[in-house]
Amino acid sequence: MDQSTAPAQIEFRNVTKLYGHVAAVQHLSLTVRRGEFLTILGPSGSGKTTALMLLAGFVAPNEGDIVISGNSVAAVPSYRRDQGIVFQSYALFPHLTVGRNLEFPLEMRGMKAAERATRVDRMLERVHLQELGGRMPSQLSGGQQQRVALARALIADPPLLLLDEPLGALDRNLREQMQGEMKRLHREFGITTVCVTHDQEEALTLSDRIVVMRAGRIEQTDTPEALYDKPATSFVANFMGEANILENPGFKVEFDVAPPADTVAMIRPERICVATPAAPKRADADQRQSITGTVDDMIYAGPLRKYRVRVGSSMLIVREQVAAGQPIFRPGAEVSLDWLRSDVRFVVA
Ligand code: ADP
Ligand code: MG
């Protein structure tokens, strides 16, 4: 389904949550569409978990309202809200087998034993844990426990799945594998999902849209592509990867269009090309800005090289794909840098 035209399932309407004098969430307005995978991304303390707890009904807003499928849920306690939840610590019941863990939400809903058993078997299959129904949680790996937690959240077919740093406890390889798994499950179940993470790569991988939060407020809401390519602020530019913020760079930045008021120029490291100063001009040189600089540092990272190049009073980060015949520049080397003027972005400082 194309989510951009799907109906709204969740609306935060000007929601504020205070803890004493700390506004954990301030004037949050946000719409989540049916079937969407929306991620709330931000550094630690930015209010992500609070936003999710508000949605789950574990904390109440001081101001504003939350509307789910057209109805205000302000007065609905969390146990009456139809939602599956997965937290960073999986919180499986340690004294119950995997199968019994999955059965629990169905039992709570008063489902008959025979139907519960069928559902549990089917779900174990869908998350590729057929063999493990009889195990205790302590006999599972971290990734397996995480999959059981996801399965338990999904088993009662809730219209809404809430995830708080669901892969935070896993090591890198397993995290990537589980990201693929979660994407697959989201595709298969089509369930509206709100996920919270501080990991930008995870957010980019999983999400239809991302909400970037900073100090309790939304900084920008957009698709992963747009957040990376057209960040609205220097905070978002830096949070969604590496950025060269050209604020008083010590050289003149060329533009095709006049920069909007109160913005600074920004260019992504992979948009800058590095070459020897003697290299012939490119065919599209008239669309490029070209400057010379001195290599300060080079880091080799598999298929990538990352340079730090001193230009004027700036240190520019340049990232290039290693291609056959491309020279390596050592610290101290004079180099020519160039980029398309149209690759320069303007961000609010
Ligand atoms: P995140 O999940 O993005 O790390 P949180 O939503 O947990 O952020 O916290 C946002 C802010 O609210 C932080 O400053 C945090 O210290 C504060 N906060 C969160 N929960 C509580 C609480 N129960 N009591 C007091 N302050 C809290
Ligand atoms: Mg948190």
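In listed order, ligands and their atoms are each counted from 1.
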**Under-4.0 Å salt bridge between E181 and R175** = no
**Asked** Would you say the side-chain atoms of Q26 and T16 include a donor-acceptor pair closer than 3.5 Å?
**Response** no
**Heavy atom of the protein closest to atom 7 (O) of ligand 1 (residue, atom name, distance)** = T49 CB, 3.8 Å
**Message:** Tell me whether atom 15 (C) of ligand 1 lies less than 4.0 Å from at least one protein heavy-atom position.
**Reply:** no
**Request:** Write out the residue and atom name of the closest protein heavy atom to atom 8 (O) of ligand 1, then the distance separating them to 0.1 Å.
**Result:** G47 N, 3.2 Å
**Message:** Salt bridge or not between D222 and R209? Use side-chain N to carboxylate O under 4.0 Å.
**Reply:** no
**Message:** Who clusters with L96? Use side-chain heavy atoms, under 4.5 angstrom, across I, L, V, M, F, W and Y, and order the result by chain and number.
**Reply:** F93, F104, M108
**Message:** Ignoring hydrogens and geometry beyond distance, is a side-chain donor-acceptor pair present between S72 and D65 at under 3.5 Å?
**Reply:** yes
**Request:** Would you mind listing which atoms of ligand 1 come within a distance below 4.0 Å of any non-hydrogen atom of T50?
**Result:** 5 (P), 6 (O), 9 (O)
**Request:** Determine whether the side chain, the backbone, both or neither of A51 has a heavy atom under 4.0 Å from any heavy atom of ligand 1.
**Result:** neither
**Prompt:** Is atom 20 (N) of ligand 1 less than 4.0 angstrom from at least one protein heavy atom?
**Reply:** yes
**Asked** Would you say H27's side chain and R217's backbone share a donor-acceptor pair under 3.5 angstrom?
**Response** no
**Asked** Hey, is the main chain of R271 close enough, under 3.5 Å, to the side chain of E320 for a donor-acceptor pair?
**Response** no
**Item:** Modelled atom types, side-chain donor and acceptor of E11 and T31, under 3.5 Å
**Value:** no
**Item:** NZ (K183) with more than 12 external heavy atoms under 6.0 Å
**Value:** yes
**Asked** Within the stated cut-off of 2.8 Å, is an N/O/S atom of T49 closer than that to the Mg ion (ligand 2)?
**Response** yes
**Message:** Quick check: A24 and ligand 1, any N/O pair under 3.5 Å apart?
**Reply:** no
**Request:** Please write down residue, atom name and distance for the protein heavy atom closest to atom 17 (C) of ligand 1.
**Result:** Y19 CD1, 4.1 Å
**Request:** Considering heavy atoms of the protein only, find what lies nearest to atom 3 (O) of ligand 1 and give residue, atom and distance to 0.1 Å.
**Result:** K48 NZ, 2.8 Å
**Item:** Ligand-side contact atoms (ligand 1) for residue partner S46, heavy atom cut-off under 4.0 Å
**Value:** 1 (P), 3 (O), 8 (O)
**Prompt:** Can you find an N or O of G45 that's nearer than 3.5 Å to an N or O of ligand 1?
**Reply:** yes
**Atom indices of ligand 1 within 4.0 angstrom of P43 heavy atoms, with elements** = 3 (O)
